[in-house]
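First comes the structure, then the notes that go with it.
All values reported here derive from a predicted model rather than from experimental measurement.
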Amino acid sequence: MQNAVTELMRISPLADELAKLFAKAGYSLYLVGGSVRDMMLRRLSSDLDFTTDARPDQVLKIVSAWGDAVWDVGIAFGTVGVTKQGMTLEITTFRADSYDRVGRNPEVTFGDSIEGDLLRRDFTVNAMAIDLANQTFVDPYDGLQALQDRVLDTPATPQESFADDPLRMLRAARFSAQLGFTAAPRVVDAMTSMAEEIDRITAERVQAELSKLLLADDPRPGIELLVDTRLADRVLPEVPGMRLAIDEHHQHKDVYEHSLTVLAQAIDLEKSHEPTSEPDLILRLAALLHDVGKPATREFQPGGGVSFHHHEVVGAKMARKRLRALKFSKEIVQDVSQLVFLHLRFHGYGKGEWTDSAVRRYVTDAGDLLPRLHKLVRADCTTRNRKKAAALQATYDDLERRIAAIQAQEDLDRVRPDLNGEEIMRILGLKPGPDVGKAWKHLKELRLDRGPLEHDEAVAELKKWAAENGIGG
């Protein structure tokens, strides 16, 4: 613990400087919460959280002349923000809040002790503090032991903690994914018995926690905790809905387990292809949800077979509906549902029987999502048969080579008809209107089927189509 305190002072001399300002004014100052936890895990960030017995207006007086910038947006909740030398510091007065247990907004009450402040925090690993004036460690709820044991437990009883703020149940799942911690049995019990309490939380806040969970290095433990405690039934029911009972005469993959494997493999591909880029939420959502349409489309066939016809179509609709309910952005909803819709198309490629036209359509329909679609399709191969897996990957290699070859000849990223709208109107004697759009779409279909056309050929095809459809003069 003393080594940790020393390390903090080495990494962040600003903390010592700030503590002296508070001490001079007659107040204590503690580094607290996730900042202490992350410091113990050797992942201290440039954003630090502090707590103090000084009231908010007194905090403002202390830091106003010291900080490079100060803001008081959260002052009603006791928080004053300050930046100094590129670091962001938040200083919050001791809290001793009470909750109406209808929503999750507390009635803000300022406290008088560090122990009382730590008691109201979500988990014991976040309920440790460092007294900066004395450079001593404060751990009234055995957070350090929990950190060493990699266990998530609550300072108060889990029932009290989750009744005050049900979002903490989702945070337990998120931390299990981000930190690799295991929820204590009593925490799991409380999450299970109180799952319906999550309905008090707004969709936006649920979505934020789920997104953070999915962006972790290994989301699987967090997803499994949500499913096992039945919290997923309330916030993401399509995922536990993939746990299909397997008839002894109709063997097929467990869709839920398969989807978790696809998610893990997509993350591996994400890291290997773009190791310096940020985690890809769209790819991860698509990987998790790509087979959500299977339960609704399952059909048993004679001889013990099972089919899931058009599950990609049903799944795309289900994914779109769920993501909208969770208030994801329009872009994320559209991109994820499109990936779910397209993920199965490759399996029609066979041994390379697709025409160049089919390859063009694959690329055009994917658009900017093509790199993600490549990863999703490759991740979707979870067979344990090494020969079959190698054959699938080799077939996709072949498709990618064909895409590259056609792209070298044609600009597939900007597939447009060989005639633009103005030319169509001039040739057919049309004014702006629906017929121009129909003609444009027809020419684009020709472009996809046959590749680039010579100008005279395109004009001839346009006139032929117009005559067949009674359009133009």
Indicate the atoms forming the closest heavy-atom contact of [X] with [Y], along with that distance.
X: Pro219; Y: Arg284; answer: CG-NH1, 4.3 Å
X: Pro295; Y: Gly241; answer: CG-O, 3.3 Å
X: Pro155; Y: Thr124; answer: N-CG2, 3.7 Å
X: Val151; Y: Ala184; answer: CG1-CB, 3.9 Å
X: Met242; Y: Ser259; answer: SD-OG, 3.4 Å
X: Ala127; Y: Pro140; answer: O-CD, 4.2 Å

To the nearest 0.5 angstrom, please state how far the [atom1] atom of [X] sits from the [atom2] atom of [Y].
X: Leu29; Y: Ile114; atom1: CG; atom2: CD1; answer: 9.5 Å
X: Leu41; Y: Gln178; atom1: CG; atom2: CD; answer: 11.5 Å
X: His290; Y: Glu312; atom1: NE2; atom2: CD; answer: 11.5 Å
X: Ile223; Y: Asp228; atom1: CD1; atom2: CG; answer: 11.5 Å
X: Gln393; Y: Arg378; atom1: CD; atom2: CZ; answer: 5.0 Å
X: Gln207; Y: Leu323; atom1: CD; atom2: CG; answer: 9.0 Å

Go through the structure and list residues passing ring-ring contact (aromatic ring centres under 6.0 Å, His included) with [X], not counting sequence neighbours.
X: Tyr27; answer: none
X: His311; answer: His343
X: Phe346; answer: Tyr396

Would you say [atom1] of [X] has more than 12 non-hydrogen atoms from neighbouring residues, nucleotides or ligands within 6.0 angstrom?
X: Tyr362; atom1: OH; answer: yes
X: Asp368; atom1: CG; answer: no
X: Asp189; atom1: CG; answer: yes
X: Lys317; atom1: NZ; answer: no
X: Arg220; atom1: CZ; answer: yes

message = Parallel, tilted or perpendicular, judged at 30° and 60°: which one describes the rings of Trp354 and Tyr349?
response =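 Plane angle over 60°, so perpendicular.
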Residues [X] and [Y] bridged, charged N to O under 4.0 Å:
X: Arg174; Y: Glu209; result: yes
X: Lys375; Y: Asp280; result: no
X: Asp57; Y: Lys61; result: no
X: Asp291; Y: Arg243; result: no

query = Is the closest side-chain donor-acceptor distance between Ser28 and Asp53 under 3.5 Å?
reply =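 There is such a pair (donor and acceptor under 3.5 Å, judged by atom type) between the side chains of Ser28 and Asp53.
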request  = Pick out which of Arg186, Arg168, Gln159 makes a side chain to side chain contact (heavy atoms under 4.5 Å, CB included) with Thr154.
outcome  = Arg186
request  = Check step by step if side chain to side chain contact (heavy atoms under 4.5 Å, CB included) holds for Leu119 and Tyr141.
outcome  = CA-CA 8 Å; Leu119 179 64; Tyr141 306 108; 3.3 Å; yes
